[in-house]
J.: 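One structure, pasted below without further comment.
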2 protein chains.
Amino acid sequence: MATGRTHRPATRGRGIPEATVARLPLYLRALTALSERSVPTVSSEELAAAAGVNSAKLRKDFSYLGSYGTRGVGYDVEYLVYQISRELGLTQDWPVVIVGIGNLGAALANYGGFASRGFRVAALLDADAGLAGRLVAGLPVRHIDELEAIVADNQVSIGVIATPAGAAQEVTDRLVAAGVTSILNFAPTVLSVPDGVDVRKVDLSIELQILAFHEQRKAGEERQDPDGDVPAVMPA
Amino acid sequence: MATGRTHRPATRGRGIPEATVARLPLYLRALTALSERSVPTVSSEELAAAAGVNSAKLRKDFSYLGSYGTRGVGYDVEYLVYQISRELGLTQDWPVVIVGIGNLGAALANYGGFASRGFRVAALLDADAGLAGRLVAGLPVRHIDELEAIVADNQVSIGVIATPAGAAQEVTDRLVAAGVTSILNFAPTVLSVPDGVDVRKVDLSIELQILAFHEQRKAGEERQDPDGDVPAVMPA
DNA sequence: ATGTCTTTGTGAACGCGTGCACAAAGATGG
DNA sequence: CCATCTTTGTGCACGCGTTCACAAAGACAT
């Protein structure tokens, strides 16, 4: 049944839920750690604890990939690492361009997690001509005008935007026109892209505001009338 | 009815859905932009477009806050900015410490979105004694041993972790012990914290892997047998 | 005042994700 | 070879979030 292709609950192949996809990297990280410690097998309970999720959820997630476990034993670590890597597309090479080499862009370029998993920084781009040629993380910063050529030459399909908000949409348009179909956006703006292009955004400011909301709630719960609109003045 | 406190569908006050909370900062940003252009009112349709969401969703989100719109007209921009800010807790000051002043930590310290919304960087901390005293974003880096004193003196309740993965859990433990109850984690690790402490994680590596998954799917769809396990070798 | 026209606020239906709880699978020991 | 024990894989129910579609509310003109 391990490699079997029978029956299958109408899922698999194309039907992996988005929520599951978002957790696969988490499992992969935990499994990689186990692999480095030469642990041969792991139960759903143990792995779930390491990944910080519920074991039933983990088993259901894996069931979308196929039946890769052995009842009574657990999952083979190496095998699972391979399967998840393959499913995520990490067995191939993904050239990436980073646009906007300010503090954040430089931090991203230096980030180790990049190269470790099939992602290769093809180029660092910035609009500031003064930066051109400067080495960041061992790579020379190149001028934004080279974007189109670099994307085409390296068959770049993933772009990372670390520019100021004002430049993000224009950079996006150029990336998309050049052939990029996935964008990771660190700029605090809503990007509009044509169908077929994926955008994921990482927004520090939003995360902090969500924390502030819960923090305020906690503070209000301690000693405040149950319906009070939090310690704050009323509107005009 | 604007300030009315009658009836109310069993929600409001404590019952704002998490998904809605996560979108409020998005609305706030769009509203702030409108406010700067001195736009007096905005319809749910317009605002939804600016925030990149569906208008029905936006109206339902706002309905959790109260009835702040005027039928036939729309929402008063200034009033809504105030209401959302208050709901998110941005009308008060939130001291924040950033731990780990490497590339990423420095980028975060320099990030403008911090100060702009009630967040104040109380201190920058790092374990490297060599960094101590060095100015980053106008603030001196201080040694990690000062953590407890700084958190206590400034009543810091939010901590940002930008350390290597190996140090993240220990830093977390110290932050929590010192009184921090909300943590924004940039280190690629699962943090364990006691009940009552909120953790949000931002993980570049995970975001990229999710993009790679979809990218692979797109590439496979173009010209590949519909059930083929992607261009890859089979397991042993 | 009355009617028209715009836009909100929300009831209801639907779909996705989560977690329980258990039957089936297989390892392991006698 | 059989019994027992562990752990997977999943059917099912529940709850949250999204979306549709429309009645109610109010602005505005006549």
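Model, not experiment: these values are computed from the prediction.
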J.: Taking side chain as C-beta onward, heavy atoms only, is Ile158(B) less than 4.5 Å from Val180(B)?
T.: no
J.: For the pair made of CG in Leu58(B) and C1' in dC20(D), what is the distance, rounded to whole Å?
T.: 16 Å
J.: Is Gln155(A) atom CD crowded by more than 12 heavy atoms from other residues, nucleotides or ligands, each under 6.0 Å away?
T.: no
J.: List, with names and distances, any nitrogen or oxygen atoms from the protein found under 3.5 Å away from nitrogen or oxygen atoms belonging to nucleotides 12-17 of chain D.
T.:
| unit_1 | atom_1 | unit_2 | atom_2 | d |
| --- | --- | --- | --- | --- |
| dC12(D) | N4 | Lys60(A) | NZ | 3.3 |

J.: Establish, from distance only, whether the side-chain atoms of Thr32(A) and Glu36(A) form a donor-acceptor pair under 3.5 Å.
T.: no
J.: Taking the nucleotide of DNA chain C with the nearest heavy atom to each, does Asp61(B) or Asn54(A) sit closer to the 5' end?
T.: Asp61(B)
J.: Do Tyr68(A) and Phe62(A) make the cut of ring centroids closer than 6.0 angstrom?
T.: no
J.: Identify the pairs formed between an N or O of the protein and an N or O of nucleotides 4-8 of chain C at a distance under 3.5 Å, and give each distance.
T.:
| unit_1 | atom_1 | unit_2 | atom_2 | d |
| --- | --- | --- | --- | --- |
| dT7(C) | O4' | Gly72(B) | N | 3.0 |
| dT8(C) | OP1 | Ser44(B) | N | 2.5 |
| dT8(C) | OP2 | Ser44(B) | OG | 2.6 |
| dT8(C) | O2 | Arg71(B) | NH1 | 2.9 |

J.: Salt bridge or not for Asp203(B) and Arg29(A), using N-O below 4.0 Å?
T.: yes
J.: Begin with the C-alpha distance, continue with both residues' side-chain angles, and end with the deciding distance and a verdict on side-chain contact (heavy atoms from CB on, under 4.5 Å) for Glu207(A) and Val202(A).
T.: CA-CA 9 Å; Glu207(A) 298 300 324; Val202(A) 173; over 6 Å; no
J.: Would you say Lys201(A)'s side chain and Phe186(A)'s backbone share a donor-acceptor pair under 3.5 angstrom?
T.: no
J.: Please name all residues satisfying salt bridge (Lys or Arg N to Asp or Glu O under 4.0 Å) with Asp76(A), sequence neighbours left out, ordered by chain then number.
T.: none
